[in-house]
Amino acid sequence: MEHHNRIRRQLMRIEEVLRAHQHWQPVAPDASAFESTQPFFMDTLTPHQWLQWVLLPRMHALLDGGHPLPNAFAVAPYYEMALEAAHAGRDELLVVLLDLDKLFAGDDA
């Protein structure tokens, strides 16, 4: 249960970073944006939108429903490539995403 709590706290940290850098959107993208078959919905959503509208809700749903969590999970490498070095909040976002990845790698000490 402690592992689930750490994951939930990390998800909240990701949201906080998105909000702090004005990347949080009050309105969801059009429903067709969620029909993508591409990883990270890269053809229909921005990287920040994918975090807000796909990753965070799905992870919270898994936790809330007591469903199994992914065994291997890594999103930080995509964001290292997808966001330019000068992108507002990039470094802070990468830190919280790396921390999330570590939780799924079992490296959460």
Side-chain angles (χ1 to χ4, degrees):
M1 186 55 101
E2 177 58 29
H3 183 67
H4 285 86
N5 291 336
R6 287 181 183 192
I7 291 170
R8 192 174 302 275
R9 284 192 301 269
Q10 199 60 34
L11 297 174
M12 290 187 294
R13 286 183 61 208
I14 293 167
E15 179 177 339
E16 290 169 4
V17 170
L18 292 173
R19 288 180 183 277
H21 294 282
Q22 287 76 49
H23 296 300
W24 193 262
Q25 298 179 331
V27 178
D30 187 69
S32 64
F34 298 95
E35 296 172 6
S36 175
T37 59
Q38 296 290 313
F40 300 97
F41 295 20
M42 64 177 61
D43 59 335
T44 59
L45 297 177
T46 67
H48 296 104
Q49 288 175 319
W50 184 83
L51 286 173
Q52 179 180 353
W53 300 105
V54 179
L55 178 71
L56 295 178
R58 288 183 181 179
M59 291 302 299
H60 281 296
L62 290 175
L63 292 167
D64 293 345
H67 301 290
L69 298 174
N71 291 329
F73 186 83
V75 297
Y78 169 66
Y79 283 83
E80 288 175 327
M81 299 293 293
L83 300 177
E84 295 179 15
H87 194 278
R90 178 185 187 268
D91 293 341
E92 191 176 352
L93 183 60
L94 287 176
V95 168
V96 295
L97 292 175
L98 284 167
D99 288 346
L100 180 67
D101 290 353
K102 288 177 186 175
L103 289 171
F104 284 94
D107 186 17
D108 59 351

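Every heavy atom of this structure was used, including side-chain atoms; hydrogens, water molecules and symmetry mates were not. Every value quoted in this text rests on a predicted model; they were computed, and no experiment measured them.
The shortest heavy-atom contact between His3 and Leu103 is CE1-O, 2.9 Å. Across all their heavy atoms, Leu94 and Ala76 have their closest contact at CD2-O, 3.9 Å. Considering all non-hydrogen atoms of both residues, Thr44 and Ser36 come closest at OG1-CB, 3.5 Å. Val96 and Arg13 make their closest contact through CG1-NH2, 3.4 Å (heavy atoms, listed as atom of the first residue, atom of the second, distance).
Classified by interplanar angle (parallel below 30°, tilted 30° to 60°, perpendicular above 60°), the ring pair Phe40/Trp50 is perpendicular.
There is a path of hydrophobic side-chain contacts, each under 4.5 Å, that joins Val54 to Tyr78. Met12 and Ile7 fall into different hydrophobic clusters, where Ile, Leu, Val, Met, Phe, Trp and Tyr side chains are chained together by heavy-atom contacts under 4.5 Å. Grouping the Ile, Leu, Val, Met, Phe, Trp and Tyr side chains by contacts below 4.5 angstrom, directly or via other members, places Met42 with Val75.
At least one side-chain heavy atom of Pro29 sits less than 4.5 Å from a side-chain heavy atom of Phe34. Counting heavy atoms from C-beta outward, Asp30 and Glu35 have side chains that stay 4.5 Å or more apart. When side chains are defined from C-beta on, Leu97 does not count as touching Glu80, because their heavy atoms never get closer than 4.5 Å.
Of the inter-residue distances, the one linking His48 atom NE2 with Leu18 atom CG reads 6.0 Å to the nearest 0.5 angstrom. Rounding to the nearest 0.5 Å gives a distance of 5.5 Å between CG of Leu56 and CH2 of Trp24. A distance of 6.5 Å separates CG of Leu83 from CG of Leu93, quoted to the nearest 0.5 Å. To the nearest 0.5 Å, atoms CG (Leu98) and OH (Tyr79) are separated by 12.5 Å. Taking NE2 of His23 as the reference point, atom CG of Leu51 lies at 10.5 Å (rounded to 0.5 Å). The line from CD1 of Ile14 to CG of Leu100 is 4.5 Å long, rounded to the nearest 0.5 Å.
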Should Thr37 and Asp43 be marked as a side-chain contact (heavy atoms from CB on, under 4.5 Å) after you check the CA-CA gap, both sets of side-chain angles, and the distance that decides it? CA-CA 9 Å; Thr37 59; Asp43 59 335; 5.8 Å; no

Run the numbers on Arg6 and Asp99 for salt bridge (Lys or Arg N to Asp or Glu O under 4.0 Å), then give the verdict. CA-CA 10 Å; Arg6 287 181 183 192; Asp99 288 346; over 6 Å; no

Candidate pair Gln10 and Met59, rule side-chain contact (heavy atoms from CB on, under 4.5 Å), full reasoning: CA-CA 11 Å; Gln10 199 60 34; Met59 291 302 299; over 6 Å; no

Show your working on side-chain contact (heavy atoms from CB on, under 4.5 Å) between Trp53 and Gln25 and close with a plain yes or no. CA-CA 9 Å; Trp53 300 105; Gln25 298 179 331; 3.4 Å; yes

Worked verdict on Leu45 versus Gln52 for side-chain contact (heavy atoms from CB on, under 4.5 Å): CA-CA 10 Å; Leu45 297 177; Gln52 179 180 353; over 6 Å; no

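The local environment of CG in Asn71 is sparse, with at most 12 non-hydrogen atoms from other residues, nucleotides or ligands closer than 6.0 Å. Surrounding CD of Glu84 are at most 12 heavy atoms belonging to other residues, nucleotides or ligands under 6.0 Å away.
Under 4.0 Å is where a charged nitrogen must lie from a carboxylate oxygen, and between Glu2 and Arg9 at least one such pair does.
Checked against Leu62 for a side-chain contact (heavy atoms from CB on, under 4.5 Å), the options Pro57, Pro70, Pro68 give a single hit: Pro70.
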